[in-house]
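Notes for the one structure printed next.
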Amino acid sequence: MFWSLFAAVTDTEPRNVVCYFEKMKRLIKIILILFLFTNLNLVKLYSQNSNNDIVKAEKLLEKGNYKKALRKIDNVIKHKNCTCGNCEWEINYQTNIIRFKIYSKLSDYEQARNALDSIYYSTEQIDSLKIITYKVQLGKEKLKNIIDSSINKSKIECENEICFALIPFENDSYLKFKLNLDLISKYLYSSEKPKDSQIWNDYFLNSLGYKQLE
């Protein structure tokens, strides 16, 4: 197809340099249009494949085929081709939520929390999911006691523009919660950067996640 177009544009001897370059410009425009058309169709195809694989992973999860579901998720991440931020963030969220569900089913709660931490952002709903894993491991009453007695000793740690709040408890362990984008902005970019965790403490004690322990 390319050579037929080339022949169509250059089928006559150029009478002068200007005429020749005008023809070449038309040829380049045609090539660019074909390239963009092909590329857009490929992006659409990759996007459809990603969505199809996510649906398949969810069905495998429902059937209890956890290993196959994880492989399908790995395939989505490996072959994703996003041209916009929304696509990237949506795939990141969906794949890690499925990971969370799989590892929770397998009672691997640390991996389940790691999946939540791998989501690009955090929300009260995501914190609530994380609290569920801590509640299963520690029990509702013990978890609430840990938070109530230790939250004033919590600390904020930030690295690569990602921040976590750490609530200490026994054996040098921590309850770990990812800060949302608004709180990260306050701790990293506000004119008066907070020097302690009080802002996060107040936010967390009024959050949906903590209220499920009351």
Side-chain angles (χ1 to χ4, degrees), residues 57-58 61 64 66-67 69-70 73-74 76-77 85 88-214:
E58 289 174 337
L61 166 61
Y66 303 131
K67 289 184 178 180
L70 286 172
I73 289 300
D74 289 340
V76 172
I77 295 170
E88 174 75 26
W89 283 49
E90 184 63 24
I91 289 178
N92 168 264
Y93 175 79
Q94 291 183 352
T95 54
N96 280 300
I97 285 295
I98 294 174
R99 285 184 192 275
F100 166 79
K101 291 177 181 178
I102 291 171
Y103 287 121
S104 293
K105 290 284 188 181
L106 295 171
S107 299
D108 189 342
Y109 298 111
E110 184 174 356
Q111 286 280 30
R113 290 190 289 269
N114 287 341
L116 296 178
D117 288 340
S118 295
I119 297 174
Y120 292 153
Y121 56 91
S122 185
T123 64
E124 287 189 57
Q125 289 75 18
I126 293 174
D127 281 349
S128 296
L129 294 177
K130 184 172 280 193
I131 284 178
I132 289 172
T133 67
Y134 283 126
K135 189 164 57 174
V136 172
Q137 285 186 291
L138 301 171
K140 179 178 177 179
E141 185 176 347
K142 182 177 180 180
L143 177 59
K144 188 175 186 305
N145 287 338
I146 289 170
I147 293 172
D148 291 344
S149 63
S150 301
I151 194 166
N152 289 330
K153 301 173 187 176
S154 65
K155 60 182 180 179
I156 305 296
E157 291 188 350
C158 300
E159 185 176 355
N160 297 327
E161 299 185 336
I162 298 174
C163 297
F164 289 93
L166 306 176
I167 302 176
F169 71 107
E170 59 196 23
N171 299 324
D172 297 323
S173 299
Y174 292 90
L175 305 178
K176 182 180 177 183
F177 296 92
K178 191 174 187 176
L179 273 64
N180 63 35
L181 297 177
D182 181 55
L183 288 170
I184 289 175
S185 178
K186 289 179 180 178
Y187 277 97
L188 291 182
Y189 307 117
S190 63
S191 56
E192 296 181 1
K193 296 179 182 178
K195 295 182 179 179
D196 57 34
S197 61
Q198 191 57 51
I199 292 177
W200 180 82
N201 294 353
D202 294 340
Y203 158 83
F204 183 78
L205 292 175
N206 289 286
S207 68
L208 296 173
Y210 179 75
K211 287 179 180 178
Q212 67 178 283
L213 298 175
E214 294 178 343

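Everything quoted here is computed from the prediction, not taken from an experiment.
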Is the closest side-chain heavy-atom distance between Tyr109 and Tyr134 below 4.5 Å? no

Looking at every non-hydrogen atom in both residues, tell me the closest pair between Ala115 and Phe100 and how far apart they are. CB-N, 3.7 Å

Please evaluate residues Lys186 and Asp182 with respect to the criterion salt bridge (charged side-chain N to carboxylate O under 4.0 Å, His left out), reporting the C-alpha separation (whole Å), side-chain torsions for both, the decisive distance (0.1 Å), and the verdict. CA-CA 7 Å; Lys186 289 179 180 178; Asp182 181 55; 3.8 Å; yes

Under 4.5 Å between any side-chain heavy atoms of Leu116 and Asn96, yes or no? no

Looking only at side chains, do Asn92 and Glu88 share a donor and an acceptor under 3.5 Å apart? no

Derivation of the salt bridge (charged side-chain N to carboxylate O under 4.0 Å, His left out) call for Asp127 and Lys178: CA-CA 8 Å; Asp127 281 349; Lys178 191 174 187 176; over 6 Å; no

Hey, is Arg99 close enough to Asp74 for a salt bridge, meaning N to O under 4.0 Å? yes

Do Thr123 and Asn180 have a side chain donor and acceptor closer than 3.5 Å? no

Tell me, do Lys144 and Tyr210 make a side-chain contact under 4.5 Å, heavy atoms counted? yes

Taking every non-hydrogen atom, the tightest pair across Asp202 and Asn206: O-ND2, 2.8 Å

For residues 160-173, run the donor-acceptor check on the side chains, cut-off 3.5 Å, and write out each pair with its distance to 0.1 Å, sequence neighbours left out.
| from | atom 1 | to | atom 2 | distance (Å) |
| --- | --- | --- | --- | --- |
| Glu161 | OE2 | Tyr189 | OH | 2.8 |
| Glu170 | OE2 | Lys142 | NZ | 3.4 |
| Ser173 | OG | Glu170 | O | 3.2 |

Would Tyr121 and Trp89 count as a close aromatic pair, with their ring centres under 6.0 Å? yes

Residue pair Gln212 / Lys140: nearest heavy atoms and the distance that separates them: O-CE, 3.6 Å

Verify whether one side chain among Glu110 and Tyr103 offers a donor that lies under 3.5 Å from an acceptor in the other. no

Could you check if a side-chain atom of Ile97 sits within less than 4.5 angstrom of a side-chain atom of Ile119, using non-hydrogen atoms only? yes

So does Asp196 pair up with Lys155, basic N to acidic O under 4.0 Å? no

Evaluate the side-chain proximity of Asp108 to Asn114: yes if any heavy-atom separation is below 4.5 Å, no if none is. no

Not counting sequence neighbours, which residues clear salt bridge (Lys or Arg N to Asp or Glu O under 4.0 Å) with Lys101? List them please. none

Of all heavy-atom pairs linking Ile91 and Thr95, the shortest is O-OG1, 2.7 Å

